[in-house]
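Below you'll find the structure, written out as structure tokens, and then a few comments.
In what follows, residues are counted from 1 in the order of the sequence shown.
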Amino acid sequence: MHNARIPSKDVAQVCGVSRAAIHQRIQRMTELGIITGSGYAVNPKLLGYSTCTYIGVNLERGAMYSNVVPELEKIPEVIECHFTTGPYTMLIKLMVRDNEHLMELLNKKIQMIHGVTGTETLISLDNSIMRQIPMYHDEHPEHP
């Protein structure tokens with residue numbers, strides 16, 4: 001999970017099994033949907049996107065969610081979108097360059113989407129924890 005580029009032979013050596021066994025286990029977890037992909041993580045700050053922002057979005061009607069999502073997908077700075085319970089219909093996560101960039105996205109794009117009736121913005125000051133859910137074979141015997 002921490003390094004998808006590590007060679008299978010190295011994982012096999014640490015686990016005390018064959019390289020083929022590691023390959024088969026990875027294949028099985030991929031087929032089961034436990035592993036959903038691999039790739040490179042990009043550091044947005046090095047690309048000039050220094051501000052992480054969460055925006056609570058309220059819609060005219062919750063059923064409009066399926067029409068609003070495609071509009072949000074057109075905004076590359078929107079990196080997550082959740083249909084939620086609680087005070088907001090949706091919660092979206094954005095990476096922006098600065099407050100001016102955020103204001104431009106809010107005023108000219110997000111708040112202009114048909115069905116959006118209001119937004120509340122929360123700016124992240126620091127990201128202290130960022131991880132995937134751990135896979136512990138001992139605690140979850142139903143998983144490979």
Tell me, do [X] and [Y] make a side-chain contact under 4.5 Å, heavy atoms counted?
X     : Y     : result
Met95 : Thr51 : no
Met90 : Cys81 : yes
Glu31 : Gln27 : yes
Val11 : Val14 : no

Give, for atom [atom1] of [X] and atom [atom2] of [Y], the distance between the pair rounded to the nearest 0.5 Å.
X      : Y      : atom1 : atom2 : value
Leu94  : Tyr54  : CG    : OH    : 10.5 Å
Asn127 : Cys52  : CG    : SG    : 7.0 Å
Leu72  : Asn67  : CG    : CG    : 11.5 Å
Ser18  : Gln13  : OG    : CD    : 13.0 Å
Thr53  : Ile123 : OG1   : CD1   : 5.0 Å

Using the test ring-ring contact (aromatic ring centres under 6.0 Å, His included), find all partners of Phe83 that sit at least two apart in sequence or belong to another chain. Tyr65
How far apart are the closest heavy atoms of Leu59 and Thr89, and which atoms are they? N-OG1, 3.2 Å
Identify the two heavy atoms, one from Val17 and one from Arg25, that lie closest to each other, and give their separation to 0.1 Å. CG1-NH2, 4.1 Å
Please list, one pair per line, the donor and acceptor atoms closer than 3.5 Å that link side chains of residues 102-117 to other protein atoms, with sequence neighbours excluded.
{"unit_1": "Gln111", "atom_1": "NE2", "unit_2": "Thr119", "atom_2": "OG1", "d": "2.8"}
{"unit_1": "Thr117", "atom_1": "OG1", "unit_2": "Asn58", "atom_2": "O", "d": "3.2"}

Run the side-chain hydrogen bond (donor to acceptor under 3.5 Å, both in side chains) check on Tyr49 and Glu77 step by step: do they pass? CA-CA 9 Å; Tyr49 293 84; Glu77 293 88 349; 4.5 Å; no
